[in-house]
Amino acid sequence: MRHSATSDMPAGNPPGRATQLGSRAILDSLQAFSEVATGLAAESGVEAICNQVVAVLKARLGLKSCSIMLLADDDRSTLVNVAGTSPRKAGAARPAEHRRFRVGEGVAGAVVAGGQAILVPDTARDPRFQGGAAPVVRSLLCLPINAGGASIGVLNLSHAEPGFFHDDHRTVFAILATILGKLVAEARLRNDLARFNQELERQVAARTHEIQASHAYLEQILGQASDIILTVDWRGRITFANRRVADLGHDAAAVQGLPFSMLCTDGALPAPLMDAMAGRVARNVALTLRGQGVHRLDTLCSFSPMEDAGGGQGALVLVRDVTGIRQLEAQVRRMDKLTAIGTLVSGIAHEINNKLVPILVYSELLQRSQLSENDLRLIQTVHKSATGARHIMDSLLRFSRQEPPKNRVCSLNQVVRDVAGMVQFRGKRQDITLSCELADALPDVYMDEHQIGQVVLNLLNNAYDALEGAGGRIIVRTGLAGAAVRLTVADDGPGIPPELTQRIFDPFFTTKEVGKGTGLGLSLCYGIVQEHQGDIQVFSGPNGTRFEVTLPLRAAAADAGSAAAGPDRPARRGRLLVAADDPVLLEVLEHVLGEHHRVARAVSGQMVIDHLAAHATDAVVLDLNLPDVDGAAVLDWLAANRPELVGRVLFLSGAPEDAGRVLANRVPPERVIPKPFRVAEVRAAVDALLAAGAARP
């Protein structure tokens, strides 16, 4: 409700009283002005300015209370009491500082909402203050604090004497409120500028560090390269040589400025180098180079055009020595070392994943228990850390084995929510709105959620970059597109020129400024989507850009079926044999599966064979790497002796990419569970095996 300004004199005041009080009000106000101006000369912060004004006004005018309220920075519909205190009723507790009020509520809220001062000569006669105990404050004056043509706060003055404030006060203190608004606005601008400068300095320092690190890294790469690297200007003179030129008996610094022809046996520039200087590429050219004395090297040289420092057309020359047996030996040693690393990583992954199983499984189960909030938070932290360790091991395995995408059935909507939660902070600083319009009941997709998450992250970052400085809106949508799901990331930015959209997915192509893009993000997105048998397209115009990613549903059915029964409601009860060489892993498997099934245990492959030869069993959960008889040998025995169980064996592996090789691709991927596993994952897989066995005649 908006209150109209009032300046009614309280009834019963003698004539001439207003004139006398008005003159004194002007004098007191001018004296207060002088003290405020003197005190504010040394103040620069918003709160310090407001505190100084409140202190002077209370002391000079003998006010009952005085306060300054400003609109909150984080909520423009809320007033915050930044200086002084509001009046309180008789006997009420002292009001807390920094109280909050809604704009439009009460007298102060009405002043800010309407932008007009409110003068109440006597609260005892004002209907807005009726209904309570006798008011402590009898006279009240509230004035808007304006800046930039809008109200940013309110100055509240109150006195115990009725009729203390008059129109003279309102006129004089309106000027003070205007000055105060300008001072507050300037102080806020100074604070914003200081924060901006600090952020700018931080960014400049970070960028400088990145450039220095990149320069040092490039120098290290060039210095450690196994090939000789040379650059030649348009005259055929060497302008740069890495230290591998010492293989020819030369010093890197000494050869700079010398003609490349001095390295050639015939003393002339080779034709492929001339072609490169004319703009053509020549790769793996057999060339004999001479060094100091009679030393010769048989090499393969690659010549590529490159602009030299003077703007002329020069060339980049890569020289690989193919003459010495020592390099062949080094290559063999290098291959042996990589093989050893792969074997070592696989062994480490097996052991660490075994240790992670009980941590992940029990922490997952404990989260379903009735725990206190603190205990639940601790368990969630343990589970999150163990999951992070699992991802680290997965990354090591992919690095050492060049593992293809680790596909599983998961929710595209959840991937989008997770990534959007990570990047939405960018919009808060740049006036960019990010909204997600995700289709209900969207089918799960058979995909590597981490790689698809990288695609979503790259597309969102590109959209933010396109809107940087101008603001705008980003919309992420999901939905069905025939036999596929579709992900759309759209922005209302300036768009991409038509001549560039055909190159947008090319490696190292970027439309961003130097230093702001590598040109790899969209090409990586393209590669990931292609590996998932999907498609990615870009549509751009003057009203914005839209990327569409489609992922097929074709491979999801088999894996989804394994999860259909749910983690807590198996398809049917069964007799299970679980086998692992780690007793802790066996205990976890028995705990996870024993709730719904009858479980027997084995610690070796031979024990598995002995048990299956003597006991009826519905399904087998088998660690791939068992002592004495491994999983592949057990599978061979089943094929010969218990063929009905061949399709009801679930393998556990710390390196699931090895399963296809060890098992000779006789087991589909959905029957190989990576360690460490999730409770729902292994339960659903066992339920699928039992359901498949029950369906057979």
Side-chain angles (χ1 to χ4, degrees), residues 405-428 432-467 472-493 495-496 501 504-505 521-522 524-541 543-569 670 678 680-681 684 688:
K406 297 189 67 174
N407 293 340
R408 69 181 186 90
V409 173
C410 49
S411 168
L412 178 61
N413 283 348
Q414 189 58 48
V415 171
V416 172
R417 292 189 191 98
D418 293 342
V419 175
M422 291 190 297
V423 301
Q424 64 181 355
F425 74 94
R426 291 189 61 181
K428 296 179 180 178
I432 299 173
T433 302
L434 172 62
S435 58
C436 296
E437 300 175 3
L438 308 181
D440 294 332
L442 186 70
D444 289 345
V445 183
Y446 192 62
M447 65 183 181
D448 187 325
E449 59 185 322
H450 300 294
Q451 290 191 3
I452 297 301
Q454 187 65 44
V455 172
V456 178
L457 179 62
N458 285 341
L459 295 180
L460 285 177
N461 281 334
N462 281 348
Y464 274 113
D465 291 341
L467 299 175
R473 187 181 183 191
I474 302 172
I475 302 177
V476 184
R477 296 187 178 95
T478 59
L480 281 174
V485 295
R486 175 179 293 155
L487 166 71
T488 303
V489 178
D491 66 74
D492 57 359
I496 304 171
T501 55
I504 202 70
F505 297 109
L522 289 177
L524 288 174
C525 291
Y526 183 86
I528 291 173
V529 173
Q530 289 295 308
E531 282 186 324
H532 284 76
Q533 305 299 313
D535 188 31
I536 180 170
Q537 298 184 36
V538 58
F539 305 90
S540 189
N543 296 323
T545 301
R546 183 177 80 257
F547 284 88
E548 289 188 358
V549 176
T550 55
L551 299 172
L553 294 170
R554 45 147 190 88
D559 198 43
S562 66
D568 296 317
R569 298 186 63 185
E670 60 267 22
R678 295 170 299 163
E681 189 175 23

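The two residues A439 and G479 come nearest to each other via the heavy atoms CB-CA, 3.9 Å. L553 and P443 make their closest contact through CD2-CB, 4.0 Å (heavy atoms, listed as atom of the first residue, atom of the second, distance). Minimum interatomic distance between Y446 and H532 (heavy atoms only, all atoms of both residues): O-CD2, 4.4 Å.
Listed by chain and number, the residues in a side chain to side chain contact (heavy atoms under 4.5 Å, CB included) with T545 are D491, I496, V538, S540, F547 (sequence neighbours excluded). For D535, the side-chain hydrogen bond (donor to acceptor under 3.5 Å, both in side chains) partners two or more places apart in sequence, or in a different chain, are Q537.
Between Q414 atom CD and L442 atom CG the span is 12.0 Å, to the nearest 0.5 Å. Atom CG of L460 and atom CD1 of I432 lie 11.0 Å apart (nearest 0.5 Å). A distance of 5.0 Å separates CG of L551 from CD1 of I452, quoted to the nearest 0.5 Å. One finds the OG1 atom of T488 at 10.5 Å from the CD1 atom of I475 (value rounded to the nearest 0.5 Å). Separation of atoms OG1 (T550) and CD (Q533) is listed at 11.5 Å; rounding is to 0.5 Å. The distance from atom CG of L467 to atom CG of N462, rounded to the nearest 0.5 Å, is 11.0 Å.
Sorted by first then second residue, the side chain to side chain donor-acceptor pair (under 3.5 Å) pairs that include residues 474-486, not counting sequence neighbours, are N413-T478, E437-R477. The salt bridge (Lys or Arg N to Asp or Glu O under 4.0 Å) analysis of residues 449-463, with sequence neighbours excluded, yields the pairs R408-E449.
Side-chain contact check for L438 versus L412: every heavy-atom pair is 4.5 Å or farther apart. A heavy-atom distance below 4.5 Å is found between the side chains of L487 and V476. Side-chain atoms of S411 and D444, non-hydrogen and from C-beta on, do get closer than 4.5 Å to each other. Residues T433 and I474 fail the side-chain proximity criterion, which asks for heavy atoms closer than 4.5 Å.
Listed for the D448 side chain is no donor-acceptor partner under 3.5 Å among the backbone atoms of N407.
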Starting from the C-alpha separation in whole Å, work towards a yes-or-no answer on side-chain contact (heavy atoms from CB on, under 4.5 Å) for S435 and R473. CA-CA 8 Å; S435 58; R473 187 181 183 191; 3.6 Å; yes
Worked verdict on I536 versus I528 for side-chain contact (heavy atoms from CB on, under 4.5 Å): CA-CA 10 Å; I536 180 170; I528 291 173; over 6 Å; no
